[in-house]
Protein chains: 2
Amino acid sequence: MLDSETKAVETPEDHAEELRLWLRLLTCTTLIEGEVRGRLRERFDVTLPRFDLMAQLDKAPDGMTLSDVSKRMMVSNGNVTGLVERLVESGHLDRRTSDTDRRVQVIRLTKLGRAEFRKMAAEHETWIADIFADLSPKDVRELMRLLAKTKSSAQKSAGRRKA
Amino acid sequence: MLDSETKAVETPEDHAEELRLWLRLLTCTTLIEGEVRGRLRERFDVTLPRFDLMAQLDKAPDGMTLSDVSKRMMVSNGNVTGLVERLVESGHLDRRTSDTDRRVQVIRLTKLGRAEFRKMAAEHETWIADIFADLSPKDVRELMRLLAKTKSSAQKSAGRRKA
DNA sequence: GCCAATTGCTTGAAGCCTAAAGAAATTCGA
DNA sequence: TCGAATTTCTTTAGGCTTCAAGCAATTGGC
């Protein structure tokens, strides 16, 4: 009794399984991300961050503020500033200052931007389907469920840190 | 009959589920990566790529070549060159040219590098445990299994592209 | 109405990362 | 053994990314 309690306190807990899980998760994402990045470059000569940003805007016909984009993409503000700059420069994005708050920049896809994105997105979807081809519909559902659980667990942990 | 066949051909297949799965996978990874990056910086003032590189070397007491590291970390050669440069500079890595092949650079952790890494790794493991805390052992096993399947499916797809 | 705090964005410094081209060493086929 | 192909690593150009500091506009308490 005493022994087992002592042991429970002294022995550092073994979290090797969770560590392995994290590494595998990271490997999968890196692998897929690299694949998608490569195909986007080959087929459309576009970078992944540019594609991701356009994807966000495609879902928001009325535009988004830079802060919205930053939160959605989970990247820093400064990062978005630079990305938007280059996409405005290339004619894919339209940017204007909000009428009601002069701090706020609202960005939208231009006609060109939307057209190009739609073309890319259609093909992109087939790549993703190919990448996940070996997973059954049941596998997909189950992964969705477990990743949802993972996400909320990670968010809770992040909350604990900041608090 | 004919109708359903016709429809099967004309209707673009719906891969929305796979797409959602990919986005969720990416969200999880980004979330956890950001959390780990932040903690490494706060606690040890070290970057995630540096930590990852040291983790590879910790598992290889006899050292690794830059190519090995590049493959393991799934990053470009040039990336490794720069990372190693900075870690040698800070005294964490030792680097020497192979005796048998003068193209090859063998890198190892220095005593300092190993000591610092071990300290960081111990704490890192507890962060990961905390991040995945809501997952049961069964969840972990099941995720491991499904991610293994995902990885091999993605690799197969990548192979199809290059071939 | 005033002023402190907050919010939205930009800037700057540093580092990370890729793709592509190139240099040096090795390997291997003829 | 010669030379072509390959391998290992570095370099370069460009872009991505973060963090921290800072500016401008707005908000909220008083």
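A, B, ... follow the sequence lines: proteins, then strands. Residue 1 opens every chain. Predicted model, so just to flag it, every value in this text is computed and none were measured. These values consider heavy atoms only, across backbone and side chains, with no hydrogens, waters or symmetry-generated copies.
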- Message: Students often get this wrong, so: under 4.0 angstrom with heavy atoms, is B/Thr47 touching a base, only sugar-phosphate, or nothing?
- Response: sugar-phosphate
- side-chain hydrogen bond (donor to acceptor under 3.5 Å, both in side chains) between A/Thr110 and A/Asp94, worked out: CA-CA 6 Å; A/Thr110 59; A/Asp94 173 77; over 6 Å; no
- Item | Interatomic distance, A/Asp101 CG vs C/dT6 P [rounded to whole Å] | 17 Å
- Taking only the side-chain nitrogens and oxygens of B/Asn79, find out if one of them lies under 4.0 Å from OP1 or OP2 of C/dC16. no
- Item | Over all atoms of both residues, closest heavy-atom pair of B/Arg39 and A/Ser157 | NH2-OG, 3.2 Å
- Item | Side-chain N,O (B/Arg102) to OP1/OP2 (C/dT26) below 4.0 Å | yes
- Task: Take B/Arg95 and B/Gly34, find for each the nucleotide of DNA chain D with the closest heavy atom, and name the residue whose nucleotide sits nearer the 5' end.
- Result: B/Arg95
- Message: Which is more 5' along DNA chain C, the nucleotide nearest A/Thr81 or the one nearest B/Arg86? Just name the residue.
- Response: A/Thr81
- Task: Please state how far atom CZ in A/Arg43 lies from atom P in C/dA19, giving the value in whole angstrom units.
- Result: 17 Å
- Task: Applying salt bridge (Lys or Arg N to Asp or Glu O under 4.0 Å), run through B/Lys119 and B/Glu116 and close with a yes or a no.
- Result: CA-CA 5 Å; B/Lys119 246 189 326 187; B/Glu116 291 205 359; 5.8 Å; no
- Message: With a 4.5 Å cut-off on side-chain heavy atoms, are B/Leu40 and B/Thr47 touching?
- Response: no
- Query: Can you check whether B/Arg50 has a side-chain N or O nearer than 4.0 Å to OP1 or OP2 of C/dC16?
  - Reply: yes
- Starting at atom CE of A/Met64, determine the distance to atom P of C/dG8, rounded to an integer number of angstrom. 13 Å
- Query: Using a distance-only test with no angle check, is there a side-chain donor-acceptor pair under 3.5 angstrom linking A/Thr65 and A/Asp68?
  - Reply: yes
- Range on DNA chain D touched by chain A - first to last nucleotide, heavy-atom distance under 4.0 Å: D/dG15 to D/dT26
- Query: Given atom CG of A/Leu48 and atom C1' of C/dC16, what is their separation to the nearest angstrom?
  - Reply: 15 Å
- Query: Counting distance only, does the side-chain N/O of B/Ser70 pair as donor-acceptor with the main-chain N or O of B/Val75 below 3.5 Å?
  - Reply: yes
- Message: How about CZ on A/Arg114, more than 12 heavy atoms from neighbouring residues, nucleotides or ligands closer than 6.0 Å, or not?
- Response: yes
- Estimated bend of the helix from C/dG1-D/dC30 to C/dA30-D/dT1 (axis per five terminal pairs, rounded to 10 degrees): 20°
- Note on the structure: Rounded to whole Å, CG of B/Asp45 lies from P of C/dA14 at a distance of 14 Å
- In sequence, state the C-alpha distance, the side-chain angles, and the governing distance for B/His124 and A/Leu19, and then conclude on side chain to side chain contact (heavy atoms under 4.5 Å, CB included). CA-CA 9 Å; B/His124 174 264; A/Leu19 201 48; 3.6 Å; yes
- When the distance from CD of B/Glu85 to P of C/dA14 is rounded to whole Å, what number comes out? 16 Å
- Note on the structure: From CZ of A/Arg41 across to C1' of C/dC17 the rounded distance in Å is 13 Å
- Which comes earlier along DNA chain D counting from the 5' end, the contact point of B/Gly38 or that of B/Thr65, where each point is its nearest nucleotide? B/Thr65
- Take B/Asp139 and A/Arg145 through the test side chain to side chain contact (heavy atoms under 4.5 Å, CB included) and record every step on the way to the result. CA-CA 10 Å; B/Asp139 287 337; A/Arg145 185 182 71 79; 4.2 Å; yes
- Length of the CD-C1' vector between A/Glu33 and C/dC17, whole Å: 11 Å
- Task: Have a look at B/Ser76 and say if it touches a base, only the backbone sugar-phosphate, or nothing, with a 4.0 Å heavy-atom cut-off.
- Result: base
- Task: Report the C-alpha separation of B/Trp22 and A/Glu33 in whole Å, then their side-chain angles, then the decisive distance to 0.1 Å, and conclude whether the side chain to side chain contact (heavy atoms under 4.5 Å, CB included) test is met.
- Result: CA-CA 10 Å; B/Trp22 163 232; A/Glu33 212 172 48; 4.3 Å; yes
- Message: For a quick check of understanding: with a heavy-atom distance under 4.0 Å over all strands, which category does B/Asn77 fall into, base, sugar-phosphate or nothing?
- Response: base
